[in-house]
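Throughout, a chain's letter reflects where its sequence line sits, starting with A, and its residues are numbered from 1.
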Number of protein chains: 2
Amino acid sequence: MKHISSNDMDQMKKIFRLNLINSCTGYKSANLIATKSQNGNPNVAVFSSVTHMGSNPAMLGFITRPLSVARNTYENIKNTSYFTVNHIHEKMIEKAHQTAAKYDENISEFHKTGLTEEYLDDFHAPYVKQSEIKLGCKYLNEYEIKENNTLLVVASIEHIYFDEGIQMPDGWLRLDDAGTVAVNGLDGYSLPNLLDRFHYARPGEEVKSFFKKGNG
Amino acid sequence: MKHISSNDMDQMKKIFRLNLINSCTGYKSANLIATKSQNGNPNVAVFSSVTHMGSNPAMLGFITRPLSVARNTYENIKNTSYFTVNHIHEKMIEKAHQTAAKYDENISEFHKTGLTEEYLDDFHAPYVKQSEIKLGCKYLNEYEIKENNTLLVVASIEHIYFDEGIQMPDGWLRLDDAGTVAVNGLDGYSLPNLLDRFHYARPGEEVKSFFKKGNG
């Protein structure tokens, strides 16, 4: 096995280090975060750091830099409290990636990428019409990660939309039925297929599959 | 599309809500976190919240509850500062899921699940031998998420191990070459395949693939 130490990392060129460190923690969620400014300008940007934070109450978080290309996203959330999280699917990976380009502040990525704004149930922020699983979220708090000057933004999940066919009777959404992708590193888009689903693990019992014969 | 509001979520049964909320944010990383107590007892537990936090310095974070089944993991990290993050691959999803069972404190999940401890370069915490991408990490800080009493643990990445063949010349690790899986919800294990990798997005230019002819 190749071994890379922190000393090796310190001496790497920037892009090489970005590619390595962004891919070494495993697959990331693939989402578009959409907002609307107080002036009514919509904004949409790709994020790979959206993370489940808790189920009761339903909460998620994501990491951002206040001065990154996602600055408009952060400012709109701070000013309006609302944003949406929209899954990226196989059919829209080029459009999703294009949202990372540094457009001028007055230009909406919706107009430049072919993604479509959709307004549902009087929610302030736009959803992405092409997305098959979408969440309406409300800002709750932020935590400054002082080790590298990033922010963890924490929000409640107020609305969930999805095609009914992808939900199993126990509540679980089967993401490969929606064609949701995952992110490998900064710029790789991967399509997962379900291998198996397991029942709650107990000491002294073999893991039981939901699907295979003779189990569960 | 089906619409679920926060009122609907409040009225759901616990397991149904857990399954829905854990799957609605997209795919999660699939890792085993391994530690060793001050007494020398090794511990390993499955985590789906390991998240990239930054590349320079190389940092990751994960979410835990102080009193969850992962309590031993958290206590060992607090007491010793060190832990490892080990990718879960297709070949080991049953063993990885079994680490979530509530074993007695003195029983090591390594002994009960068939996962193998491996010690590399005098690092205090064990790695998982079966894992093909593994990280040696050092505790830096923790942030209490007061909205739901969880903790974000933040750590530096001190060591990275992987098979050289999965790294591209620009530093990127191709995770499907390692057979790394992703988590769908609480208990679904999915195997991603790379669809495409794109160059840095620029305004006014079409997204360019790394692989397709006529691009890049």
So does [X] have more than 12 non-hydrogen atoms from other groups sitting under 6.0 Å from [atom1]?
X: A:Lys91; atom1: NZ; result: yes
X: B:Tyr82; atom1: OH; result: no
X: A:Lys129; atom1: NZ; result: no
X: A:Tyr200; atom1: OH; result: no

Is it the backbone or the side chain of [X] that comes under 4.5 Å from a heavy atom of chain A, or both, or neither?
X: B:Leu152; value: side chain
X: B:Tyr189; value: both
X: B:Glu144; value: backbone
X: B:Asp121; value: side chain
X: B:Glu90; value: both
X: B:Leu173; value: both
X: B:Lys112; value: neither
X: B:Val183; value: neither
X: B:Ala58; value: both
X: B:Met53; value: both
X: B:Asn31; value: side chain
X: B:Leu135; value: side chain

Pairwise side-chain contact, [X] with [Y], heavy-atom cut-off 4.5 Å (strictly under):
X: B:His97; Y: A:Asp196; answer: no
X: A:Leu186; Y: B:Trp172; answer: no
X: A:Val181; Y: B:Tyr27; answer: no
X: B:Phe210; Y: A:Asp187; answer: yes

Side chain, backbone, both or neither: which part of A:Lys13 has a non-hydrogen atom closer than 4.5 Å to chain B? neither

What part of A:Tyr143 gets within 4.5 angstrom of chain B, counting heavy atoms only: side chain, backbone, both, or neither? side chain

Main chain of B:Asp170, side chain of A:Asn19: is a donor-acceptor contact present, judged purely on distance under 3.5 Å? yes

So, A:Ser29 side chain and B:Gly26 main chain: donor-acceptor pair closer than 3.5 Å or not? no

If you look at every heavy atom in [X] and [Y], which pair is closest and at what distance?
X: A:Leu175; Y: B:Asn184; answer: N-OD1, 3.0 Å
X: B:Arg202; Y: A:Ala101; answer: C-CB, 3.5 Å
X: B:Gln98; Y: A:Glu206; answer: OE1-C, 4.2 Å
X: A:Leu20; Y: B:Phe162; answer: CD1-CE2, 4.1 Å

When you check the side-chain N and O atoms of A:Ser49 and B:Thr51, is any donor under 3.5 Å from an acceptor? no

Side chains of B:Asn22 and A:Ser55: donor-acceptor distance under 3.5 Å anywhere? yes

Closest-packed option against chain B by number of heavy-atom pairs under 4.5 Å, given [options]:
options: A:Leu60, A:Val154, A:Ile157; value: A:Ile157
options: A:Glu164, A:Lys14, A:Lys134; value: A:Glu164
options: A:Ile15, A:Asn141, A:Leu18, A:Val85; value: A:Asn141

Interatomic distance, [X] atom [atom1] to [Y] atom [atom2] [nearest 0.5 angstrom]:
X: B:Tyr127; Y: A:Met1; atom1: OH; atom2: CE; result: 10.5 Å
X: A:Ser5; Y: B:Ile160; atom1: OG; atom2: CD1; result: 9.5 Å
X: A:Ile133; Y: B:Ser23; atom1: CD1; atom2: OG; result: 7.5 Å

Leading residue by heavy atom contact count with chain A [cutoff under 4.5 Å; candidates [options]]:
options: B:Ser6, B:Ala30, B:Gly165, B:Pro203; value: B:Pro203
options: B:Ile63, B:Asn56, B:Leu120; value: B:Asn56
options: B:Glu205, B:Glu94, B:Met12; value: B:Glu94
options: B:Leu140, B:Ile107, B:Ile145; value: B:Ile145
options: B:Met9, B:Met59, B:His52; value: B:His52
options: B:Glu132, B:Glu147, B:Arg174, B:Met168; value: B:Glu147

Parallel, tilted or perpendicular: rings of A:Tyr161 and B:His3 (30°, 60°): parallel

In sequence, state the C-alpha distance, the side-chain angles, and the governing distance for B:Lys2 and A:Asp163, and then conclude on side-chain contact (heavy atoms from CB on, under 4.5 Å). CA-CA 6 Å; B:Lys2 188 171 175 68; A:Asp163 283 327; over 6 Å; no

Sole candidate of B:Leu195, B:Leu194, B:Leu191 that passes side chain to side chain contact (heavy atoms under 4.5 Å, CB included) when paired with A:Ser190: B:Leu194

